[in-house]
Amino acid sequence: MLRQLIRFSLDNAALVIATSLLILAFTIYQTPRMAVDVFPELNAPTVVVLTESPGFAADEVEQYVTFPIESSVNGLPGVRRVRSGSAIGLSIIWVEFDWGVDIYRARYLVSERLSIARESLPDRVTPIITPVTSITGEIMLVSLSSERNEQGESIVSPLALRSYGEFELRNHLLSVPGVSQVVAIGGELPEYQVNVNQTQLRTYDLTVKDVVEAARKSHSTAGGGYLPNVEGLELPLRQTGRVRSVDDIRGTIVRYHNGAPVTIGQVADVQLAGALKRGSGSDGGNPAVVLSIQKAPGTNTLTLTEAIDAKFDAVEASMPDGIKLNRHVMRQSDFINLSLNNVLAVSRDAAIIVAVILLLFLMNLRTTLITLIAIPMSVACALLLMWWSGETINVMTLGGLAVAIGVVVDDGIIDVENVFRRLRDNRLKPKAEQLPQPDVVFHASNEIRSSIMFATLIIVIVFIPLLFLKGLEGRFFRPLGFMYITSIVASLFVALTLTPALCKVLLRGKLSLKQDREGVVVRWLKAVYEPALRLVVRFRKTVLSLAVLVTAGCIWLGSTFGASFLPEFNEGTFTIFLLAPPGTSLAESDRLAVGVEQRMAEIDGVRSVVRRTGRAERDEHAEPVSSSEIEVSVKPGYDKQSVKQEIDRVLSAIPGITTMIGQPIEHRLSHVLSGTPAAVAINVYGDDLNKLREIAKRIETTLKTIPAARDVNAQREVMIKTVPIRYRHDDLARWGIAPADAAEQVKDAVFGEHVAEVNEGVRVYDMVVRLAADQRQNVQQ
């Protein structure tokens, strides 16, 4: 069959060359439209259930929210693992399905079970399924910060900064096709607050519940209908029951007292202010709003990043004065572009090296050109197969391509060199014995086809086991093996078709100035190789013994090397984790982290330092307020290791805080592998929390003594302080209050009660009633 393929290529050389050009042109057209991602999809189909549980402590969230939902989804068909996390006011459950399960079918199955689980959940607690994304789907972090005046004060308030980022910039970004979620953290999320004064309540014999009901009635979106025919016109009725300012809320009546109306403004301070926070953000030590942009699976990361940048360009022109936008906190596109540039550099270097070697050995420009064409054609065929199979361009496929670049020219070199030599030998024969040029090319290509095919198959067989890896390893390394194998097989096909066709067309006429002599390099190599070969054959036993010893030494040396799932990447950004003691308040975590930020911003080579503490609304990370994540972006051209050493120096001077350092993508891969930000995780199981904490502490102490071990941190379930409220039922009965009513009043007074949503253009403000801030500061109050 291969013989007929070579003959067909020679007989239809023009058709083969034209078809190859069309394939190359189509690849150039199609490649920019292929999905580009940082890694293959590593996460098994996962449905994330997020449940906001306002006012609940972490153990209450676990008992009343997480456990019922987790129990309801555990028995779904195809579920391989269910993980959960419970924090103050938040429950997150990750439902992982088997590889190959359709994600939308999985979401439908989970939503069915959630409809049943809702019946057993507390009132006003509603679980939601988060948008479809992956753990490596966070493609960009940006920050909004305020410019400073001459006195060093912020021009834009945290309230205005968050308001712009949450309601305007976020909506602009969500309008970009391919963006699945945008999460904002930091600043102060504006809301209408009705801060009740207890003294005034007692004066008018009111309760917080009375104010809650009045505030709820201060805002109405009820329609008024229409008048069907007024002087020949149909007139819609527009009611003004909507809140338009704080004065509308202040003027709402609560109750009559001694014949006079008591309004909300008489018993509460009404204002537009920042909501209670579970997280904060900063840029360079100054308050900021940090936005995390996540993409939908299968979206081209580079194309989407360009679209987001174009949106930023358009938005910045109309951005309020005093707001600064930092686009370079973290960008996956930078890492992908670096990988693409490396592959292009490898292709360029390979082409140059091949060209130089061929010129030195064959001393012919045309043979060099024919061989070099094998590189783009083999790559083009591999890319088309990857596009046809639905694979994405990512670090692993680019890695397979980079490894294959130096090999894809082998088949072409062998074929061209043999054709060139046979043509030259044919030219040296008498005229009567010379064969037609196409016949010489055919016999020369056919002569080495078996060698080319078997050499290629041997290389392919070595990489075939990668295609049969299971689980995460298979998802990760299968694209690398697929790209390498397809490139090598494509190079074989090119060597049997396009290369003979080009030889027929280009290798005509005089092949070199000296047809009867070999190149200088070839003659020199033969002169050196012949005596060396005679020496090796003469002392063959000694040579074989030395080879065995060297092989054994290399095996021993290889056993001393370290092992890791992946090499360390140069992402251009460091991720630093600051873990304060559990139970630390958000204000204290901010205070501790700001000093670290400011010192890191002074490091030579650092472009920006952006921090996120705690968690944002709608965020899938159940981080406590004691946890901070700092992104340190390195300026291009600076040495990564020297910057890291300076960061380590800063972190080593922080007492009482556990620190870890990594990189954004590396951090997310660790989450995939171990479920934690660390590269290695050790799980300890049991029922006795005190015993588990003791064992975890012993393991932590032991691991810290291991050479080269760093960032050892035991994530123990540490008990934090709480304020228990135990009701005296006899006293409640004396005042005619049921325990449920008392609990509801405490919740309304301290955490607050959401009574309405007020729309003002694109902005949607919550209206919340709670006690004034100075009346809920300590236990005595």
Side-chain angles (χ1 to χ4, degrees), residues 85 87-88 90 138 141 143 145 183 185-187 277-290 292 326 329-330 571 573-603 606-616 619 621-634 643-668 670-671 674-681 696-697 700 703-704 709-718 720:
I88 297 177
L90 175 71
E138 188 178 58
L141 288 176
S143 71
S145 57
V183 176
I185 186 173
K277 297 194 295 184
R278 296 294 300 164
S280 64
S282 68
D283 188 342
N286 300 315
V289 175
V290 182
S292 167
N326 180 6
V329 179
M330 188 279 288
E571 301 180 30
T573 303
F574 290 106
T575 299
I576 295 98
F577 296 93
L578 302 181
L579 306 175
T584 303
S585 67
L586 179 60
E588 181 65 12
S589 294
D590 270 335
R591 186 189 68 80
L592 294 171
V594 164
V596 179
E597 277 185 275
Q598 292 173 342
R599 293 174 63 184
M600 287 184 179
E602 297 171 356
I603 296 175
V606 170
R607 177 165 56 183
S608 67
V609 179
V610 175
R611 171 178 56 88
R612 292 179 290 175
T613 298
R615 67 171 290 268
D619 195 357
H621 295 85
E623 297 294 340
V625 295
S626 58
S627 174
S628 297
E629 184 175 327
I630 302 176
E631 308 290 342
V632 180
S633 177
V634 181
V643 174
K644 186 176 182 181
Q645 289 174 2
E646 290 299 311
I647 293 175
D648 284 333
R649 183 181 58 80
V650 172
L651 296 178
S652 63
I654 307 173
I657 296 182
T658 303
T659 62
M660 290 189 293
I661 183 171
Q663 298 181 94
I665 299 173
E666 179 184 277
H667 154 56
R668 285 153 183 80
S670 296
H671 263 295
S674 63
T676 72
V680 178
K697 183 61 179 177
E700 179 184 15
L703 292 178
K704 285 182 176 179
R710 58 166 295 161
D711 300 337
V712 179
N713 173 41
Q715 295 182 344
R716 301 183 294 278
E717 295 290 341
V718 179
I720 63 175

(message) What's the separation between atom CD in Glu629 and atom CG in Leu141, rounded to the nearest 0.5 Å?
(response) 7.5 Å
(message) Do Asn286 and Ser145 pair up side chain to side chain, a donor and an acceptor below 3.5 Å, judged on atom types alone?
(response) no
(request) Verify whether one side chain among Gln663 and Thr575 offers a donor that lies under 3.5 Å from an acceptor in the other. (result) no
(request) Could you list the residues that satisfy side chain to side chain donor-acceptor pair (under 3.5 Å) with Glu597, not counting sequence neighbours? (result) Ser282, Arg611
(request) State, with a plain yes or no, whether a side-chain heavy atom of Asp283 is found less than 4.5 Å away from one of Val290. (result) no
(message) Let me confirm one number: the OG-CD1 distance from Ser280 to Ile185, rounded to the nearest 0.5 Å.
(response) 6.5 Å
(request) Under the side-chain contact (heavy atoms from CB on, under 4.5 Å) rule, what do Val594 and Gln598 come out as? Steps first, then yes or no, please. (result) CA-CA 6 Å; Val594 164; Gln598 292 173 342; 3.6 Å; yes
(request) Determine yes or no for a side-chain-to-main-chain donor-acceptor pair under 3.5 angstrom, with Ser633 supplying the side chain and Arg607 the backbone. (result) no
(request) Any chance you could measure Leu592, atom CG, to Leu579, atom CG, to the nearest 0.5 Å? (result) 12.0 Å
(request) Return the set of residues passing side chain to side chain donor-acceptor pair (under 3.5 Å) with Ser626 (not counting sequence neighbours), or none when no residue passes. (result) none
(request) For Pro664 and Met330, work out which heavy atoms get closest and say how close. (result) CG-CG, 3.6 Å
(request) Could you list all the salt bridge (Lys or Arg N to Asp or Glu O under 4.0 Å) pairs where at least one residue sits in residues 579-589, not counting sequence neighbours? (result) Glu588-Arg591
(request) To the nearest 0.5 angstrom, please state how far the OG1 atom of Thr659 sits from the CD1 atom of Ile647. (result) 11.0 Å
(message) Just verifying a value: how many Å separate Arg615 CZ and Arg278 CZ, rounded to the nearest 0.5 Å?
(response) 8.0 Å
(message) I need the minimum non-hydrogen distance between Val625 and Thr613, along with the two atoms involved.
(response) O-CG2, 3.4 Å
(message) Rounded at 0.5 Å granularity, tell me how far CD1 in Ile576 sits from CG in Asp648.
(response) 9.0 Å
(message) How close do Ser589 and Thr584 get, counting heavy atoms only, and between which atoms?
(response) OG-CG2, 3.6 Å
